[in-house]
Each structure stands twice: as C-alpha cells, then as structure tokens.
Amino acid sequence: ADEDQTLLFESVRLPPPFLCDLNGDGRMEVLTTTYDGKLQLLTPAPPGKEGEGFAAAKIIAEIQVVEVPLVQPVHFVAVKTGFI
C-alpha cells in the first residue's frame, strides 16, 4: 500500500535553492533539490497578474541522484555552481 511519506522527510532539511545562469542565456535559473532525491534545474515563470498566486516554474533538466525508496536516510548537504 502507498503510505504518506511526509513524516519520513519532515526532519530532513534540503539546501536552499541556488540562482545561477547555467546555460549562458543571461537569465537566471534555479538549481534545487527535492525530497525524493532529485536535482532540478528550473526556469522561473514570468510575472503574472495580481491575485493569480505563484506560477509553477518550468523544469529544464532533472536527474535522479538518490534512488527511492531510501533504505537509509540520505539527503543533499549543499548545492553550488561555479567555474574552476
């Protein structure tokens, strides 16, 4: 049976989202992690009209870093981009 996994992840703190221009188009993307072990690159939605609430960001790329279901608690510690 599918169980609600909410309690499993309540004590896990994800690193904050990171703003960066990874594809060189001059616009910022958002690099973020998810509770189900994914690393996602998002493009923010354009501003909407007052009262519309938050618009969902578009997923540009996504990779499964940690396999689910988790046998042992594993979580991201940090997310960072840059040049060497």
Between [atom1] on residue [X] and [atom2] on residue [Y], distance to nearest 0.5 Å:
{"X": "I60", "Y": "L31", "atom1": "CD1", "atom2": "CG", "result": "10.5 Å"}
{"X": "K38", "Y": "E62", "atom1": "NZ", "atom2": "CD", "result": "4.0 Å"}
{"X": "K58", "Y": "L41", "atom1": "NZ", "atom2": "CG", "result": "11.0 Å"}

- Non-neighbouring partners of E29 that pass side chain to side chain donor-acceptor pair (under 3.5 Å), sequence neighbours left out: none
- Query: T34 and Q40: side chain to side chain contact (heavy atoms under 4.5 Å, CB included), yes or no, with the steps?
  - Reply: CA-CA 8 Å; T34 66; Q40 294 181 332; 3.6 Å; yes
- Identify the heavy atoms of M28 and P44 that sit nearest to each other, and give their distance. O-CD, 3.5 Å
- Task: Specify the closest pair of heavy atoms between G26 and D21, including all atoms of both residues, with the distance to one decimal.
- Result: N-OD2, 2.9 Å
- Among all residues two or more places apart in sequence or in another chain, which pass the side chain to side chain contact (heavy atoms under 4.5 Å, CB included) test with P17? V30, T32
